[in-house]
Enquirer: 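Would you mind keeping the following structure in view while I ask a few things?
Atom set for the values below is all heavy atoms of this structure, side chains included, hydrogens, waters and symmetry mates excluded.
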Amino acid sequence: MGRIRVLPDQVANKIAAGEVVERPASVVKELLENSLDAGATSFRIEIENGGRRLIRITDDGCGMLRDDAMLAFERHATSKLRDVKDLLSISTLGFRGEALPSIASVSRLLLETRSAEEATGACVEIAGGKMLRSEEVALAAGTSITIRDLFFNVPARKKFLRSEQTELAHIASLVTHYSLAHPGKTFFLTSGANELLHVTPVATMRERVYQVFGSGALDDLVDLGVCEKQLALPPPSVPPWEAIAEFRREPEEPSTRIFRLSGFVSRPQVQKGNRNSIFVFINGRLIRDRLLMHAISSAYHNLIPPASFPFALLFLECDYEEVDVNVHPSKTEVRFRHQSFIHDFVRDTIRGRLIESRPAPAFPVTPAAHASHPAQLGPQLPYSEFSEMIENQPPADPSSQHMGVTAEPAAVAPGAEPIDSAAPEFHLRPPHAPEPRFDFGSGVIPLAVDPVPAATRLRVPDTHGAFPVDGPLEITSLSVLSDLRPIGQIHDSFIIAAGRDGLWIIDQHVAHERILFEKVLKERAAGTVEVQRLLMPLILQLTPEQQIEYARIADELESMGFETEPFGNRTIAVKAAPAAIGPSDLERVLFEVLEIAEGELRGLSLDDVRRGIAASIACRAAIKINMRLDQSKMEWLLRSLSATDCPMSCPHGRPIALQYSMREILKAFHRI
Ligand code: ADP
Ligand code: MG
């Protein structure tokens, strides 16, 4: 008898569960995606004990036919695919038919569902993969799936679960981000007796961001709007013997593809210590993708410090054929057909919008809140700052149902009962008050005549008042820099300037650095770098590593104005250099450049190296701090800064100009 056996379904399901169901949040993800696929518009998600004791999702979607209710638990049973062709363009979130049998094999599951087409519904109960009950019952249309005791029969998996807070944080993050992707739908998430999220349908994504995070977040974000780009596809290659027939045939495949990007990204002053605040949806699917992460980081290159990350909420839409979602069991990874096109589209769109809006950092700048926070150890699911808030709370008091999540002391309306401080509140940036900063002018003020008791109101994020109809006040753009009137310097280092919209402080060194950085890159692109010949060649001795890097970037150095040539063993002679660098700085700049090229596991592209060289030159050549500047010099500096593409931050990511807005000034003097 052979030694190979086909595994029984129960075992196979458990193996699949190992891939699909990593933690409670993965169950929520699969169930939520099923509800979305079922066309639901309202989702109620109930959690107990971080999802270990209970996860229940109730939707108002199409429901299942009675005959399908049992079938849904068979392996690879799905209503979403028919044949192998369908795999090439998947429009639904699910398609593997693995989630329900996998989840049912590691929990006690109750399915209650009714399709609108039938008068009665079905109720199916399964525990650890064994069918316990299947009945016809009277139910409202839609589906409710209850999962109890997750991993009760997989002790090994259970042991790996993290604290109740952590698991709940992952769930909350997941649901919140799906709610952002579907502003027209209702999401209601509870943990025990606590409402964690309750958002009702709104017309735009901007309003949903406002519902979830409050106005403070909108002030920190740049709206990408909707950006489109077309990709022309090469004509299909046709063998010569078919060419004539082909010529007569109508083309079947479209010759172009359209890619659409929308969403929000943070202004450069917002800097995160890890990638946990980056969320990318492709055709409505939340994914983690290295290529896009890289595109986002490159968009912020030379705008924020190298080891920090922005907040981003991106929605990319493209033809289903352009993206293969069938590459990972939990469907969180994808593969693109035109990788570099997508990469550059995302990078250039984000960068373009940042340059266009030139947002001015407010004064004082928010400290990089989580810069020191260790990165998550490869989380498979999205995670965000507000999830961290849940996670970092002390464990819930067993005597109460509350999770003990507070972002800030809730404001108490006069005469109202003090609000339970354990009520959770979510904000993108905890220290922000939820009151819209921009309620003035629009005439919309969150009304006190709210029939909902204050305590309930303040607990859920859907309490940021009505979305101001006129939209928020535009953040001051740095384009005003050229109209500022310099008043003087402090410590011969920072320029103080007055403008119509407030007071400004400008760091003279980094301002000049930005000006020179862009100038050097423009001259390099135009081939007009000003070069200065050295009287005596400068001889530099290199280490073996530097020698290798030198060989790689010698041509680039040449185009940037460094004329160098090998000069014996591991030695180079520098004969000319960019005019901007003084002879005393030359050696430092060159070694700095070689170090940049060597850095980051040699993964730097020549483009990055070029920017690195430009940054080094700019830093050396820029006006130093502790240097007195006369009026005309200061005016020149502000004018030139305003003419740059990115006056927001220096090439190393530090802010250049801070604004103390008129509104802040009036507020500080109690005049408003
Ligand atoms: P997949 O989503 O990959 O098809 P699942 O195991 O998640 O596989 O679900 C199996 C099938 O059960 C789905 O194809 C769908 O027909 C049905 N189903 C699951 N959840 C729901 C729901 N909430 N409403 C309606 N039908 C559902
Ligand atoms: Mg599914």
Side-chain angles (χ1 to χ4, degrees), residues 17-18 20-32 43-58 103 106-110 127-128 145-179 187-198 212 274 276 330 370 373-408 410 420-427 430 459-461:
V20 179
V21 191
E22 188 200 346
R23 61 194 325 165
S26 5
V27 174
V28 176
K29 176 174 179 287
E30 291 296 338
L31 297 184
L32 201 55
F43 313 85
R44 184 190 179 89
I45 301 122
E46 295 159 79
I47 304 295
E48 278 176 26
N49 196 255
R52 294 166 199 227
R53 193 181 312 141
L54 176 101
I55 297 172
R56 177 181 295 131
I57 301 199
T58 310
I103 297 168
V106 293
S107 67
R108 303 181 210 279
L109 183 149
L110 175 69
I145 299 190
T146 309
I147 313 292
R148 288 181 203 278
D149 301 330
L150 184 64
F151 300 136
F152 77 96
N153 55 348
V154 199
R157 192 40 78 102
K158 208 169 171 181
K159 251 191 261 164
F160 279 99
L161 289 181
R162 308 231 339 244
S163 70
E164 178 178 337
Q165 276 79 8
T166 303
E167 298 303 338
L168 181 61
H170 281 276
I171 294 172
S173 177
L174 178 93
V175 176
T176 306
H177 289 91
Y178 266 108
S179 83
F187 290 79
F188 186 46
L189 170 68
T190 59
S191 164
N194 281 329
E195 286 182 9
L196 296 188
L197 178 81
H198 188 186
V212 173
N274 55 44
N276 293 341
S330 67
H370 290 268
H373 204 279
Q376 283 291 305
L377 291 173
Q380 291 299 303
L381 284 163
Y383 200 82
S384 71
E385 213 170 84
F386 90 98
S387 318
E388 276 174 26
M389 277 162 43
I390 300 185
E391 185 177 354
N392 295 335
Q393 291 305 309
D397 174 358
S399 65
S400 92
Q401 277 283 337
H402 292 297
M403 287 300 305
V405 181
T406 4
E408 59 192 335
D420 181 1
S421 64
E425 268 241 1
F426 298 131
H427 297 292
R459 235 191 278 152
V460 294

Enquirer: Once you round to the nearest 0.5 Å, how far does OH of Y178 lie from NZ of K29?
Expert: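 That separation rounds to 5.0 Å.
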Enquirer: As an exercise, state the distance from NE2 of H177 to CZ of F187, rounded to the nearest 0.5 Å.
Expert: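 So the gap between those two atoms works out to 12.0 Å.
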Enquirer: Under the 3.5 angstrom rule, does the side chain of S173 hit a backbone N or O of H170 as a donor-acceptor pair?
Expert: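 Side chain of S173 to backbone of H170, a donor-acceptor pair under 3.5 Å: no, none is there.
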Enquirer: Roughly how far apart are R52 CZ and L161 CG, rounded to 0.5 Å?
Expert: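 Those atoms lie 5.0 Å apart.
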Enquirer: Answer yes or no: is there a donor N or O on one side and an acceptor on the other, between the side chain of S191 and the main chain of N194, under 3.5 Å?
Expert: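 Here the side-chain-to-backbone pair does not exist.
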Enquirer: Looking at every heavy atom in both P24 and G51, which two are closest together, and how far apart are they?
Expert: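 So the minimum-distance heavy-atom pair works out to CB-CA, 4.0 Å.
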Enquirer: Just do the side-chain contact (heavy atoms from CB on, under 4.5 Å) check on L196 and I171 with the steps written out, would you?
Expert: CA-CA 10 Å; L196 296 188; I171 294 172; over 6 Å; no
Enquirer: Which pair of non-hydrogen atoms, one from E30 and one from I103, has the smallest distance, and what is that distance?
Expert: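 The pair with the smallest heavy-atom distance is CB-CD1, 4.2 Å.
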Enquirer: Please name the pair of heavy atoms, one in F152 and one in R108, separated by the smallest distance, quoted to 0.1 Å.
Expert: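 Taking every non-hydrogen atom into account, CD1-NH2, 3.4 Å.
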Enquirer: Of the options L32, I145, V20, V21, which is the one that meets V27 in a side-chain contact (heavy atoms from CB on, under 4.5 Å)?
Expert: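 Between V27 and the candidates, side-chain contact (heavy atoms from CB on, under 4.5 Å) is satisfied uniquely by V21.
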Enquirer: Tell me, with the steps shown, if L189 and T176 meet side-chain contact (heavy atoms from CB on, under 4.5 Å).
Expert: CA-CA 9 Å; L189 170 68; T176 306; 5.7 Å; no
Enquirer: Determine whether V106 and R157 make a side-chain contact, defined as any pair of heavy atoms from C-beta on separated by less than 4.5 Å.
Expert: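 Not touching, per the 4.5 Å side-chain cut-off.
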Enquirer: Ring-plane angle category for H198 and F188, please: parallel below 30°, perpendicular beyond 60°, tilted otherwise.
Expert: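 Rings of H198 and F188: tilted, as their planes differ by 30° to 60°.
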Enquirer: First locate atom CG of D149, then atom CZ of R53, and finally report the distance between them rounded to the nearest 0.5 Å.
Expert: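 With rounding to 0.5 Å, CG (D149) is 9.0 Å from CZ (R53).
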Enquirer: To the nearest 0.5 Å, what is the distance between CD on E167 and CD1 on I47?
Expert: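 With rounding to 0.5 Å, CD (E167) is 11.0 Å from CD1 (I47).
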Enquirer: Quick check for you: to the nearest 0.5 Å, what is the distance between S107 atom OG and L54 atom CG?
Expert: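 Between S107 OG and L54 CG, I get 10.5 Å after rounding to 0.5 Å.
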Enquirer: R56: what forms a salt bridge (Lys or Arg N to Asp or Glu O under 4.0 Å) with it, not counting sequence neighbours?
Expert: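 Residues passing salt bridge (Lys or Arg N to Asp or Glu O under 4.0 Å) with R56: E46.
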